[in-house]
Amino acid sequence: MIYEAEIVTQRKVATGCYRLEIYVPEIARQAQPGQFVMIKTSVTLDPLLRRPFSICTVDRELGLVKILYRVVGRGTTLMAGKKLGRRLNVFGPLGKAYTVPPNGRFTVVAGGIGIAPLYFLIQRLRALGNEVNLFYGAQNRFDLLLAEELTALRTNLYTATDNGSVGFKGTVVDLLKSKGIPPADMVYAAGPPRMLAALSSVLKEAGVTKAEFSLEQRMGCGIGACRGCAVKVRTPDGPVYKRVCTDGPVFNAEEVIWE
Amino acid sequence: MIYEAEIVTQRKVATGCYRLEIYVPEIARQAQPGQFVMIKTSVTLDPLLRRPFSICTVDRELGLVKILYRVVGRGTTLMAGKKLGRRLNVFGPLGKAYTVPPNGRFTVVAGGIGIAPLYFLIQRLRALGNEVNLFYGAQNRFDLLLAEELTALRTNLYTATDNGSVGFKGTVVDLLKSKGIPPADMVYAAGPPRMLAALSSVLKEAGVTKAEFSLEQRMGCGIGACRGCAVKVRTPDGPVYKRVCTDGPVFNAEEVIWE
Amino acid sequence: MRPILEVNLAGLKLKNPVLTASGTFGFGVEYAPLVDLGTIGAVVLKSVTLLPRQGNPPPRIAETPAGMLNSIGLENPGVEVVVRDILPKLKERRARVIASVAGETVEEYGKVAERFVAAGVDGIEVNISCPNVRRGGLAFGCDTDTAAAVTAEVRRVAGNLPVFVKLGVLGVDVVTVAGAVASAGASGVSLINTLPGLAVDIRQRRPVLGNITGGLSGPAIKPVALWAVWRIYKEVGLPVIGMGGIMSANDALEFILCGATAVAVGTGNFVNPRLTTEMIDGLSWALAAEGISDIKEIIGAAHK
Amino acid sequence: MRPILEVNLAGLKLKNPVLTASGTFGFGVEYAPLVDLGTIGAVVLKSVTLLPRQGNPPPRIAETPAGMLNSIGLENPGVEVVVRDILPKLKERRARVIASVAGETVEEYGKVAERFVAAGVDGIEVNISCPNVRRGGLAFGCDTDTAAAVTAEVRRVAGNLPVFVKLGVLGVDVVTVAGAVASAGASGVSLINTLPGLAVDIRQRRPVLGNITGGLSGPAIKPVALWAVWRIYKEVGLPVIGMGGIMSANDALEFILCGATAVAVGTGNFVNPRLTTEMIDGLSWALAAEGISDIKEIIGAAHK
Ligand SMILES: Cc1cc2nc3c(=O)[nH]c(=O)nc-3n(C[C@H](O)[C@H](O)[C@H](O)COP(=O)(O)OP(=O)(O)OC[C@H]3O[C@@H](n4cnc5c(N)ncnc54)[C@H](O)[C@@H]3O)c2cc1C
Ligand SMILES: Cc1cc2nc3c(=O)[nH]c(=O)nc-3n(C[C@H](O)[C@H](O)[C@H](O)COP(=O)(O)OP(=O)(O)OC[C@H]3O[C@@H](n4cnc5c(N)ncnc54)[C@H](O)[C@@H]3O)c2cc1C
Ligand SMILES: Cc1cc2nc3c(=O)[nH]c(=O)nc-3n(C[C@H](O)[C@H](O)[C@H](O)COP(=O)(O)O)c2cc1C
Ligand SMILES: Cc1cc2nc3c(=O)[nH]c(=O)nc-3n(C[C@H](O)[C@H](O)[C@H](O)COP(=O)(O)O)c2cc1C
Ligand code: FES
Ligand code: FES
């Protein structure tokens, strides 16, 4: 589960956004959409902790794991500085995957870098021949990532940008509201917490109950041991904390308590 | 005094020994033999402190500062990993230089990587047309660094190796004893503390009073402020602590108290 | 010849001195896919209370220079669940188990310990130094009398099991508290718990952690931990489980040289989940390289 | 518009909140080739005793993860030499000066402070928390009564100069001590001094430092320092000079948000000798970027 993975591609795909491909056949073979890996971004003691990243897709034949990431702090800055041929210590695959029913109609809602885990999911859904309505929002047209790849997957793609530079002007949740939520056997979503909270109440109002969201939380161990990655969820016995790393990162939208 | 210096050469010259050349014309212009620089080996917070290195020589025309260093711990390991084109944050030149009399006959005693500051000194002494007897000891023949450069400087070179693979078999101090100390206007030395201590008593016995040694000590500031780099020296008022960084690194051999 | 790694920790014979630090290795089972639990010196469980505890609001983790803050707040399912669901799995894997007990009253510590003793564990660690809970925890560790009372109570119920009292170093003189718990019957001490700390999110202008403050662990605190081990070994002479920033076999050796009979890997598990296992091999190699045939020879050797 | 950086530190009006941490900036003059001493908030001098002190045997410095240990041991030439040889040079450079005083007895603290007051400085810092000396220093900081006595004595001789008492956090409850020195007349507190620590040379099987133990500083201790500043601001309400691992303007902002009126750069001077100067500019930019016109607005803002 822990590998020294060689960097095969490190490419800037938008301002502050990179696509990383690493050679790590064991993870490529096992990974399921929704799962993540934890990467050590430095060989020194600072930064210390591993960083979690969704698996954006895999190439099983070539043994590649692909990651789409945004530079937000020290760890991702260091990661972006690592060139082809360097090795990264990678731990995974970790976490629970999305439920992928064999057939049906599906709605996918992505905000920003949230497209990363959803891309892998959409690939899977489309490979099974299912219809996918993808609502994808970003700050501006340049932040809409994986444009070609998504086109190639032939989803029904609806885009939104904060500044209206392409598609709907506004948030992706507003777009969804304005279009009307298409009937779906499952709604999947990933994106910033505020978007997910908004989406959650929109879905609730619309009476949609089958929805899976990818959550993020600061992590220690990544394997359920430290209880660092708590998220509050509803249960019949009242609210409890669950672990994003092993109870998630994919959760039923309904159970999450947004605070 | 603080510069982002580009690496122009990073070459392994022996097992665990590297020659580093950095472009930093301001330091190249000012540096005197015996002085040192302090280099930040990482941009992260670990390792934290700068590492002191003697200036092995400079190329004033090209604006280069050359350093000869041995990998002994984390900082030097990181430094050795930095390739051509990378930048290093360098602070210097620091410390007191050797006394360089305009003419005379000089004896230089180098142990291991101690050759680094002495090479710059020998260059200077030879450029002034002075005779230099160089006693140079190392573990084995491959650890005798700067062989070609020293030959080119036409010193009277006497070598010693621990295993006798070339030159005298034994320590450089034993070699000096066996050859007899040549009459000199000044003896200069740099090397491991044990060698300097031994040399110090040999010189004392022989009644040699004019000798300058380069000392090393763990450093904080490098500019005399923190008092971290203490070395005990004799004074008329009894022993006091002096600072390797600003009172040295070059000290009169007689004043140092070896503990 | 492979060097001998066995140590005798206050009567507890361990295959090797490598333990896990409470709270960083869950209940062991989480790490079972990565680490053969039977091969490490002992698994120290997450601190357990009498009843389940939910822990503190998120975020519970913040990274700091060469360290991390946590404010888990003793989240645990309560002693009954642990005894029923987890201990059997650990026994199946032939793990040596040290149970860490916590509570809000002296009696609670006693009851939790008693339950573990009845269920069968190899030792008890008494956590009187958790900085993340309001009652019990740190409050106990900071008051010499209460520390002694808790220790005496756990000692009373622990039969012939060794009892290790886990101490922090802030807000107290660790030597005084160690002396007090030794008199109250502690077999040894675990040093050190996390230091209190805080991290600020300057964008949001508020503390990162939901609980505001947390406990600092990782390499950042290693020098403080070594200082505490050094002092206790020298001034109190109790057996010590040393911990705080251990990331390598060399770090472990530093603690052993200062006087630790065993060491515990905490935050290091997060950085390298197989660190415990790798450290055992690393210790063998390091000792062999130095020509040391038995690790016991070097316990406290830096004092000579 | 350049944001306003002026702060009022317990009555002392400073151009900006960036000070130097005692002992890391020498007597200021060492840094004069690198830093215009007149531009920084104030230069806090190395701690000075009545008579010269030689300090501890080398090695005196050991690097640790994201930090360092020092065991300088208050080496200094004694107050007379400092007053005679150094203060004039600082005045020439228009530096604001806070003198740090240390001693082995309450009287010694008083005498040193008195001498500085007579010579003309802008404030006094009372170092009762140096971990590297046997008498005075830490012993004073750990005992509430002595801490109060030293404070009262310095307060008595300090005229109308502000008196800052420098506290450590180990072995004592910092809030209790801060409360005691506040009652004894402290104008503010400096938080935090180094934590005790130790590093081991595993090859030589002995401590790295000649003095065995030393004081831990640098980024490693930043979370502990922020925790201390947070608590004092909230629970005692005294003006605070915050320090511990400040390496950037952002670090400084963390302290200010927690309640520090001023910050001091310590170990950071070694890593970047021009850090104080650069931090002043960095603070301007950071505030401007966030649309804050006056730094005073955000002192303690993380408590809201
Ligand atoms: C399950 C999961 C999947 C993720 N997938 C992706 C992805 O595919 N692409 C991507 O760009 N980002 C993803 N993230 C977020 C990513 O982990 C953070 O952006 C990254 O850790 C920031 O590290 P840093 O050192 O650059 O930032 P810093 O802010 O310097 O990090 C400081 C600390 O906070 C943690 N942290 C900061 N932001 C987050 C966050 N949003 N979630 C969890 N921890 C955080 C860091 O891991 C580190 O421990 C994912 C997070 C989780 C939990
Ligand atoms: C004035 C001076 C000139 C020097 N010139 C050279 C040179 O030209 N070539 C060369 O190879 N080495 C030289 N050294 C020694 C060099 O500084 C150390 O080898 C280096 O700091 C080791 O860093 P590290 O991180 O690899 O080792 P680590 O052991 O990991 O370092 C840990 C800490 O100890 C300090 N340290 C360790 N060894 C020494 C030492 N011998 N002297 C001072 N500090 C030390 C480090 O700077 C660091 O702070 C010189 C030292 C001084 C004081
Ligand atoms: C996430 C986390 C949770 C912890 N939980 C506990 C606990 O429940 N009981 C306890 O005694 N110590 C707990 N600790 C403290 C560790 O056992 C250990 O004393 C401390 O982290 C120092 O070691 P380290 O630096 O190797 O992590 C916890 C530490 C961390 C990081
Ligand atoms: C080398 C060194 C010497 C110090 N000397 C003193 C001193 O003389 N008086 C004092 O009050 N604090 C002294 N300190 C403590 C610092 O002033 C400061 O409180 C501590 O280092 C934390 O800040 P930092 O992490 O920014 O260094 C010293 C610190 C260092 C590193
Ligand atoms: S990160 Fe440790 S439990 Fe989730
Ligand atoms: S290194 Fe600071 S005085 Fe020499």
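Computed from a predicted model, the values in this text were never measured in an experiment. Within every chain, numbering begins at 1; the chains are lettered A, B, ... in the order of the sequence lines, protein sequences first and strands thereafter.
For the set D:Val169, D:Thr64, D:Leu253, the count of heavy-atom pairs under 4.5 angstrom toward chain C peaks at D:Val169. Per-residue counts of heavy-atom pairs under 4.5 Å with chain C were compared for D:Ala228, D:Pro223, D:Ala302; the largest is that of D:Pro223. Among D:Arg203, D:Arg205, D:Arg206, the residue making the largest number of heavy-atom pairs under 4.5 Å with chain C is D:Arg205. Heavy-atom pairs under 4.5 Å with chain C peak, among D:Ile212, D:Val175, D:Thr176, D:Val174, at D:Ile212.
Contacts of D:Ile298 with chain C are made by side-chain atoms alone, with heavy-atom separations under 4.5 Å and no backbone atom involved. Looking at C:Glu290, both its backbone and its side chain come within 4.5 Å of chain D, counting heavy atoms on both sides. Using a 4.5 Å cut-off between heavy atoms, D:Ile256 does not touch chain C at all.
The aromatic rings of C:Tyr233 and C:His303 lie tilted to each other, with the angle between the two planes from 30° to 60°.
Here the CD1-CG distance, from D:Ile202 to C:Leu257, works out to 7.5 Å after rounding to the nearest 0.5 Å. To the nearest 0.5 Å, the span separating CD on C:Glu254 from CG on D:Leu198 amounts to 8.5 Å. A distance of 8.0 Å separates CD in C:Glu6 from CG in C:Asp294, rounded to the nearest 0.5 Å. Atom-to-atom distance recorded for D:Ile192:CD1 and D:Lys222:NZ is 12.5 Å, nearest 0.5 angstrom.
No side-chain heavy atom of D:Pro3 sits under 4.5 Å from any side-chain heavy atom of D:Ile292.
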